[in-house]
Amino acid sequence: REDVPGDKRLVAYVVPTSPGLDTSAVRAFVAKQLPEYMVPSAVVELSALPLNANGKVDRKALPAPDLSARREQYVAPRTPTEQTLAELFAQVLGVERVGVHDDFFDLGGHSLLATQLVTRVNSALHVGLGVRALFEAPTVAGLAQSIQSATSASHLPALTRALRDGPLPLSFAQQRLWFIDQLQPGLALYNMPMVLRLSGPLELPALHRAYEALVLRHEVLRTTFQSEGGEPRQLIHPAPLQSLLVVDLSGVPSGEREVEVRRRAAEDAARPFDLATGPLVRATVLKLEPGEHVLLLNMHHSISDGWSMGVLVRELTALYEAFRQGQPSPLPELPVQYADYAVWQRNWLSGATLQGQLDWWKQQLSGAPHALELPTDKPRPAALSHLGASVPLSLPRELSEAVDALAKREGATPFMLLLAAFQALLHRYCGQDDVLVGSPIAGRRHADTEGLIGFFVNTLVLRARFTPDLCFRALLAQVRNTTLGAFE
């Protein structure tokens with residue numbers, strides 16, 4: 001089942017010979033007969049299986065599982081901290097209630113939900129827990145104890161609105177891209193294009209209004225970067241810098257329209273943004289015929305990331321549906337904007353806090369090799385050429401499920417497991433005993449940033465040191481500890 005988008009669960013539906021099924025016993029029995037990845041996360045007792053007119057099981061009529069039913073005995077929260085944690089557990093897991101001894105992962109939690117939960121916990125309780133804390137204490141009671149014993153250094157300041165009475169700083173992530181743009185202006189390397197096909201009747205006035213409302217809602221979509229004394233500053237414009245463009249391709253012969261769509265999409269994706277003049281977001285509708293359109297969306301990475309693209313599409317859809325029906329915007333006011341996050345980050349990461357993080361990374365990367373010496377058939381260019389490519393790869397279902405099962409047994413996530421395997425492969429090809437791999441991470445540490453469009457991504461560098469007697473389990477432990485402890 002996928003009752004929540006992106007959150008798939010394996011569910012068993014059982015018709016017992018007598019009522020009062022012990023679902024825990026059922027799961028325990030199945031665990032002895034089948035691999036771990038085939039054990040259902042929930043067991044639902046039914047008086048009869050719903051059937052369709054053909055006498056087959058009507059899968060659409062099967063009820064969603066009540067994951068709270070897996071708990072043997074509910075123990076209510078005993079302190080304000082436990083009460084807050086229990087509510088957050090329930091929100092993220094999509095269950096009615098969570099007791100203090102209920103295990104987050106036994107209730108269907110996984111690594112993505114764990115990241116989301118830790119973000120909300122940090123925001124609600126003003127702490128700075130890492131994902132490691134949830135892996136080590138996956139219950140409400142255990143996590144409350146971890147929070148109680150946390151040092152003051154792990155507490156984060158609150159994210160609040162900043163004054164708009166002067167120039168606003170860039171976030172560290174934005175400043176990185178601004179600096180790169182100063183060195184190599186006019187490149188499209190950090191464009192984030194997206195192509196959406198819209199089938200069915202489209203009311204262009206409603207879409208125009210929805211796009212304008214979206215840009216007005218998020219200040220970062222009206223932001224450009226100005227240099228003052230060599231230092232970049234955010235400039236938030238009061239109105240959108242460019243409206244939604246519409247290009248009518250219905251006059252192009254039907255056999256040539258798809259070619260023209262691809263040409264225009266590639267052209268838009270390759271057209272660079274000017275960070276000083278903007279706009280840093282573009283939207284173009286290509287009309288193919290009355291019931292067929294293509295929407296080209298493109299943003300510069302300095303104001304967006306992968307998470308933001310989901311926010312943009314979700315909110316644009318909600319605004320369009322509301323305006324199409326003559327209703328007001330259904331979206332609540334944003335508590336903070338990305339500029340507020342940039343000010344918060346600059347204030348927090350300063351002085352001893354910033355120095356502590358810098359010292360941690362310097363220690364982790366001390367003596368690291370300058371480059372990975374892979375045995376390629378061409379010499380490494382003196383300057384970065386950007387002539388790379390991506391090669392998609394899909395694992396067979398059986399192998400993918402086996403990876404999930406192995407990761408769970410080792411107390412890791414599939415990402416950690418695959419990264420350890422990738423580092424082992426690099427070690428084998430290049431012969432180096434010290435291998436570094438960089439990986440982007442979401443970087444949204446406050447719940448209020450979940451609904452923001454902006455550039456929150458950080459880079460995590462994972463370093464693996466190989467020895468003659470290093471086994472894969474020890475390598476995985478290196479990756480797991482580095483991943484979970486990166487920001488502690």
Side-chain angles (χ1 to χ4, degrees), residues 119 123 159-181 188-194 210-228 231-244 272-283 296-319 329 331-349 440-458:
T119 297
S123 179
L159 175 58
T160 58
R161 282 189 175 273
L163 296 177
R164 299 295 196 272
D165 56 355
L168 296 171
L170 277 63
S171 68
F172 286 110
Q174 286 180 321
Q175 189 170 6
R176 290 201 304 270
L177 293 193
W178 178 85
F179 181 74
I180 292 174
D181 186 73
L189 296 174
Y190 291 98
N191 286 11
M192 299 189 66
M194 175 186 290
Y211 179 72
E212 182 177 359
L214 180 74
V215 177
L216 289 173
R217 173 176 168 81
H218 293 273
E219 290 179 348
V220 74
L221 298 180
R222 295 178 274 118
T223 295
T224 55
F225 305 114
Q226 306 295 321
S227 179
E228 297 183 4
E231 288 293 326
R233 292 289 184 264
Q234 294 194 47
L235 177 61
I236 302 173
H237 300 263
L241 299 177
Q242 182 177 321
S243 60
L244 180 72
F273 290 95
D274 189 321
L275 300 189
T277 62
L280 302 185
V281 55
R282 294 193 295 262
L296 306 180
L297 289 170
N298 200 352
M299 292 189 285
H300 191 266
H301 199 6
S302 61
I303 66 165
S304 179
D305 54 20
W307 185 308
S308 298
M309 300 299 274
V311 174
L312 185 148
V313 172
R314 184 170 62 250
E315 292 193 351
L316 184 63
T317 302
L319 290 167
S329 169
L331 304 177
E333 182 181 356
L334 292 170
V336 292
Q337 294 281 342
Y338 184 80
D340 301 311
Y341 167 79
V343 173
W344 170 89
Q345 186 189 57
R346 289 288 179 170
N347 290 334
W348 170 53
L349 285 178
I441 55 177
R444 297 181 185 240
R445 301 175 66 106
H446 286 84
D448 288 340
T449 62
E450 290 183 11
L452 288 183
I453 293 175
F455 184 20
F456 295 89
V457 174
N458 294 319

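- Listed by chain and number, the residues in a salt bridge (charged side-chain N to carboxylate O under 4.0 Å, His left out) with R314 amount to none (sequence neighbours excluded).
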- Message: For a side-chain contact (heavy atoms from CB on, under 4.5 Å) check, start with the C-alpha distance between M309 and M299, then their side-chain angles and the critical distance, and finish with the verdict.
- Response: CA-CA 9 Å; M309 300 299 274; M299 292 189 285; 3.1 Å; yes
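- A donor-acceptor pair is defined here as one N or O able to donate and one able to accept, closer than 3.5 Å; no such pair exists between the side chain of R444 and the backbone of G451.
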- Item | Y338/T223 under side-chain hydrogen bond (donor to acceptor under 3.5 Å, both in side chains): CA gap, chis, key distance, verdict | CA-CA 10 Å; Y338 184 80; T223 295; over 6 Å; no
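- A perpendicular orientation is assigned to the rings of H300 and F273, their planes being inclined by more than 60° (bins at 30° and 60°).
- In plain terms, the two heavy atoms of M192 and D305 that are nearest each other are CE-C, 3.4 Å.
- A donor-acceptor pair is defined here as one N or O able to donate and one able to accept, closer than 3.5 Å; such a pair exists between the side chain of N347 and the backbone of V343.
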- Task: Please assess Q234 against Q174 for the test side-chain contact (heavy atoms from CB on, under 4.5 Å), listing each intermediate value before the final yes or no.
- Result: CA-CA 10 Å; Q234 294 194 47; Q174 286 180 321; 3.4 Å; yes
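- Taking all atoms of both residues into account, the shortest heavy-atom contact from L241 to T277 is CD1-O, 4.0 Å.
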- Task: List the steps and the verdict of side-chain contact (heavy atoms from CB on, under 4.5 Å) for E315 and L331.
- Result: CA-CA 8 Å; E315 292 193 351; L331 304 177; 3.8 Å; yes
- What do the steps show when you test F456 against T449 for side-chain contact (heavy atoms from CB on, under 4.5 Å), and what is the final call? CA-CA 9 Å; F456 295 89; T449 62; 3.8 Å; yes
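- Distance check: L235 CG to Q226 CD gives 5.0 Å after rounding to the nearest 0.5 Å.
- The two residues L170 and A342 come nearest to each other via the heavy atoms C-CB, 4.0 Å.
- Scored by the side-chain hydrogen bond (donor to acceptor under 3.5 Å, both in side chains) test, Q337 finds no partners at all (sequence neighbours excluded).
- Side-chain N or O atoms of R161 include one that pairs as donor or acceptor with a backbone N or O of P335 at under 3.5 Å.
- Put simply, the side chain of R222 gets close to the backbone of L216: a donor and an acceptor are under 3.5 Å apart.
- Rounded to the nearest 0.5 angstrom, Y190 OH and L280 CG are separated by 15.5 Å.
- Ring pair H301/F455 is tilted by interplanar angle, where 30° to 60° counts as tilted.
- For the residue pair P240 and E212, the shortest heavy atom distance occurs at CG-CG, 4.0 Å.
- Closest non-hydrogen pair, G443 versus N458, comes out as CA-ND2, 3.9 Å.
- Distance check, rounded to the nearest 0.5 Å: CG of L312 to CZ of R217 gives 11.5 Å.
- The main-chain N or O of A276 is found under 3.5 Å from a side-chain atom of D274 such that the two form a donor-acceptor pair.
- Smallest separation of non-hydrogen atoms from S308 and I453: OG-CA, 3.5 Å.
- In the displayed structure, F172 atom CZ is contacted under 6.0 Å by more than 12 heavy atoms of other residues, nucleotides or ligands.
- Classification of R164 and D340 as a salt-bridged pair holds, one side-chain N sitting under 4.0 Å from a carboxylate O.
- Contact annotation: the side chain of I303 approaches that of L221 to within less than 4.5 Å [non-hydrogen atoms, C-beta and beyond].
- At least one donor-acceptor pair closer than 3.5 Å links the side chain of W307 to the backbone N or O of E450.
- In this model, a donor atom of one side chain and an acceptor atom of the other lie less than 3.5 Å apart for H237 and T224.
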